Amino acid sequence: MLSLTKQMIEIRSILMQIESTENVQLPSIVVVGSQSSGKSSVLEAIVGHEFLPKGANMVTKRPIELTLVRTEQGETDYCEFPNMRLRNGKFTNFKDVQRLLTELNHSVDPSEVVSDEPIRLRVCSPNVPDLTLIDLPGYIQVVAADQPLSLRQKISDLCDKYIQAPNVILAVSAADVDLANSTALQACRRVDPLGERTIGVITKMDLVDATHGRNTLLTRDYPLRMGYVGVVTQVPKVRSLSLTHLNQRNQRNLTQQIADSESEFFSEKYADVDWGVLQLRKKLANVLSYSMAQSLDPAIKNIKREQEETSYAFKVRYNDRVLTPQTYLAHCADEFKALFQEMSTTFGREEVKTLIKHALDQKGLDLLAEQYWSSADLASISPGSSSGSSSGSSTSFISNASSNSSTNTSSYGTSTNSVPSLDNDQLHLLQKLDEMSAALTKAGVGRLSTNILVEAILERMNEIKLKSKFKNHPLALEQIDKSVQKILNTKYYATADQIENSIKPYKYEVDVDAKEWSSSREYAYGLVAEELEQCTVAFDKIRTQIGSRRLNALMTALTARARGEVAESLDQYSTDVVKTAEMALFLKQRQDILKARSTFIKATKCKSRKNKALCPEVFMDVITTKLTATSVLFLNFELLSDFYYSFPRELDAALQSLSENQVVHLATQDPEIKEHVEMQHKKELLSLALEKLQAASDFRNMREKRYN
Ligand code: GDP
C-alpha cells in the first residue's frame with residue numbers, strides 16, 4: 001500500500017502538468033535560510049548525496065523543487081529532471097546532477113536577477129522518505145560588488161511567495177549567529193506568527209557549546225509548535241578518523257555518516273531537545289503527511305470545481321469533440337492526400353506536354369533569334385544577294401516571303417529587295433538548319449524537361465501545402481518535403497537519362513512527313529505571331545513612356561549613327577533614355593523581321609517540307625514537337641505516375657516514424673489545436689487527479705478509523 005505522502009506526491013506531479021491550477025495547492029516543504037547558514041548541507045544530509053551547486057559567491061537564482069521518492073530496497077539511487085527532455089533521463093552520478101543544476105542556475109537571464117521558475121528534480125532512492133522540498137535562494141545581507149543591487153530584495157520577494165500557507169516552512173539558522181538576527185525566522189514570523197507550520201533547524205551546533213546550543217533549541221523568543229532541531233551536517237575530516245571507522249564510513253551514505261557523527265556529538269547534554277538529521281527527516285515526513293491529509297478535502301473541493309468548469313468550457317467550445325494529436329494528424333494527412341489526389345487528376349500527361357512544349361518553344365525561339373532573326377545573319381544567308389557578304393544590304397531570306405514584302409519593310413530595317421535563288425546557298429542554309437537542330441537536341445533536353453516537371457510538381461505541392469491544414473505545422477511540411485525529395489531524387493537521373501537516350505536519333509536526323517510539316521507550319525505561324533505581338537506590346541510601351549516624336553527622333557539619330565551618317569547629337573538625352581530608345585529600335589527591327597517571317601511562313605514556299613532550309617521556324621517546331629512527345633512519354637511513365645503512386649505511401653511512412661513527442665509537438669504548432677489539445681488534456685488530468693485524491697481520501701479515512 002502506498003503511503004499517503006507518496007500518493008499525494010503523485011497527485012502533485014499530475015497537477016504540476018496543468019498550468020492554471022494555482023488555486024489547487026498541495027502543501028510542500030519550503031526551505032529558507034540565510035546564505036551560508038548551512039541550508040544546502042541540511043538538504044544534502046536529508047537526501048544522502050552531495051548534489052547542490054556550491055562554491056564561493058554561488059548564489060542560487062532559481063528554486064529547486066525536490067521530490068524524494070522512496071524506492072524498493074536494493075535499488076540504485078538516481079535522479080531525474082521531469083521537466084527536461086534529456087537524452088539520458090536518469091542520472092546515477094550525483095556529480096553530474098550538481099553540474100547540471102549549476103548550469104541551470106547560471107542560465108537565468110541577468111536582467112531577471114532571480115527567476116521564480118523552479119528547476120524540478122526527482123531523487124529516487126530506497127534511503128529517502130517520500131517528501132517534497134523546495135530549496136529557495138538564500139537570504140543575503142550584503143550585496144557583493146559584482147551583484148545587482150536588486151538581488152537582495154528579489155530573493156526576499158521570491159521567498160515570501162513560497163512561504164505562504166499551506167506550505168510547511170523549514171527555517172534554517174546557524175547556531176553561531178544570534179537567532180534574533182535570523183532573516184529566515186523573521187520572515188516566518190510575518191507569515192506564520194503563531195509558529196504553526198514552521199520547523200526551525202539550527203545548524204553548525206558544533207560551533208557553540210552545549211549550554212548555548214540547548215538554549216537556542218529551547219528558545220521562547222519565537223516558539224514553534226513543531227519545535228527546533230539541532231544538526232551538525234559536516235562529517236568529521238578523514239584525518240581524524242581511525243582506519244576501521246573510515247572503512248565503515250565509506251560503505252554508508254551521507255545521511256548515515258552524518259547520523260553516525262551526530263550521535264557521537266549530541267551526548268546526554270542534549271537529551272531533552274530534538275537533534276539530528278534522522279529526527280529531522282522523520283519530523284518532515286510526519287508533518288508533510290499530516291499537512292497533505294489536511295489539504296485533501298479542500299483540494300478535492302477545488303479540483304472538483306475546476307474540473308466542472310473545464311468540462312463545461314470544453315463542451316461549449318469544442319462540443320466535447322475528443323482530439324488527440326494522433327487523431328488530428330491522421331485527419332490532416334487524409335485531407336492532404338485528398339488534395340493530392342485532386343492534383344493527380346488535374347495535372348497529368350497533357351499538362352506536362354504543354355509545359356515542355358512551351359519551354360522547348362522558348363529555346364527554339366532563342367535559337368531562331370540568335371541564328372536567323374538578326375539582321376547580319378539574314379544578310380549573310382541571303383541567297384542570291386549581290387555579294388553574299390555579311391554587310392550586304394539585302395535580307396532576301398525575309399523578303400522572299402512575298403512579292404510585296406519590300407513595301408512592308410520599315411525604314412528602320414534593312415532593305416529587302418532581292419529574290420532568292422537557293423541553288424548555291426542551299427547547302428549553307430541546310431547546314432545552318434542542322435546546326436540549329438543540333439544546338440537544340442544537344443542542349444540537354446533530358447535534364448531540361450525533367451527539371452521542368454520537377455519544378456511543376458514542387459510548385460503544385462506548395463499550393464496543396466498552403467491549402468491544407470498542414471500549412472500551420474512546420475514539422476509536417478518538413479516531412480512532406482522530405483517525402484517529395486526522396487521520390488524525386490531517386491527518379492531524377494534515371495528519367496533524364498532515359499529521355500536523353502531516346503532523343504539521340506534526332507541529334508543526327510529529323511524525319512518529317514507532310515502531315516507533320518503542315519501542322520508545324522500552322523503552329524510556327526502562331527508562334528511567330530505571338531512573338532510579334534509581344535514585340536509590339538513592348539515597343540508601344542516604350543513609345544508611351546518616351547513619347548512618339550521624341551522616340552522617332554531618337555531612333556532616326558540612332559539609325560543614322562549606326563550607318564555612320566551625320567546624325568542629331570544624342571547628348572541632350574539621358575543615358576537611360578538613349579538605352580530605352582536603342583531597345584525600341586531593336587524591337588522595331590525585330591517586328592519588321594517577324595512580320596516578314598510570318599508572311600513567308602504563310603506563303604507557298606513554306607508549304608513544302610522540301611524547302612525546310614528556308615523555313616527554320618517550321619522545322620524548329622517539327623523538332624520541338626518530336627522532342628516533346630519523347631520527353632513526355634518518359635516523364636509521365638518514369639516520374640509523374642510513379643510520384644503519384646509513391647507519395648502517399650512515403651508520407652504515411654514519414655508521419656508514422658514520428659515519435660509521440662514529435663506528434664504532440666507537430667499538432668500543437670497550430671495555436672488553435674494547441675488550445676484544444678491542452679484543454680482536453682487539462683480536463684483529463686483533473687479527472688485523474690480527482691480520482692486519485694478520492695482514493696487518497698479513502699485511504700486517510702480508513703487509516704484514521706483504524707487508529708481511533
Ligand atoms: P548555504 O549557503 O546555506 O547553503 O550553506 P552551506 O551548506 O553551503 O554551508 C556553508 C558553510 O558552512 C560551508 O562551508 C559548510 O561546510 C559549513 N557548514 C555547514 N554545516 C556545518 C556544520 O554543521 N558545522 C560546521 N562547522 N560547518 C558547517
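Each ligand, and each atom within it, is numbered from 1 in the order the structure gives. Because the structure is predicted, anything quoted here is derived from the model rather than measured.
Checked by atom type, the side-chain pair Thr219/Thr216 shows no donor-acceptor distance below 3.5 Å. A donor atom on one side chain and an acceptor atom on the other are found under 3.5 Å apart for Asp77 and Ser125.
Of the inter-residue distances, the one linking Leu43 atom CG with Leu170 atom CG reads 7.5 Å to the nearest 0.5 angstrom. Annotation: the span from Leu254 atom CG to Glu50 atom CD amounts to 6.0 Å, rounded to 0.5 Å.
Below 4.0 Å from some heavy atom of Ser40 lie the following atoms of ligand 1, by number and element: 1 (P), 4 (O), 7 (O). Distances below 4.0 Å separate heavy atoms of Ser34 from the following atoms of ligand 1: 3 (O). Ligand 1 places these atoms under 4.0 Å from at least one heavy atom of Val232: 23 (O).
Looking at atom 19 (C) of ligand 1, its nearest protein heavy atom turns out to be Ser41 OG, 3.4 Å. Residue, atom and distance of the protein heavy atom nearest to atom 23 (O) of ligand 1 are Thr233 N, 2.9 Å. Ranking protein heavy atoms by distance to atom 5 (O) of ligand 1, first place goes to Gly38 N, 3.1 Å. Here the heavy atom of the protein found nearest to atom 11 (C) of ligand 1 is Lys204 NZ, 4.0 Å. The single protein non-hydrogen atom nearest to atom 24 (N) of ligand 1 is Asp206 OD1, 2.9 Å, given as residue, atom name and distance. Looking from atom 2 (O) of ligand 1 to the surrounding protein, the closest heavy atom is Ser36 N, 2.7 Å.
Residue nearest to atom 25 (C) of ligand 1, selected from Glu262, Gln234, Lys39: Gln234 (by heavy-atom distance).
Under 4.0 Å from ligand 1, the heavy atoms of Leu207 that appear belong solely to its side chain.
Between Phe314 and His676, the ring center distance clears the sub-6.0 Å criterion. When ring centroids are compared, Tyr78 and His49 stay outside the 6.0 Å threshold. Aromatic pair Phe51/Phe91: ring centres not closer than 6.0 Å.
Judged by the shortest distance from any of its heavy atoms, Ser37 lies inside the 4.0 Å radius around the atoms of ligand 1. The shell of residues lying under 4.0 angstrom from ligand 1, judged by heavy atoms, excludes Thr203.
Of the protein's heavy atoms, none falls inside 4.0 Å of atom 14 (O) of ligand 1. Within a 4.0 Å radius of atom 28 (C) of ligand 1, the protein contributes at least one heavy atom.
Between Ile11 and Leu26 the shortest side-chain heavy-atom distance falls below 4.5 Å. A heavy-atom distance below 4.5 Å is not found between the side chains of Tyr290 and Asn286. Here the side chains of Leu66 and Leu68 are in contact, with some heavy-atom distance below 4.5 Å.
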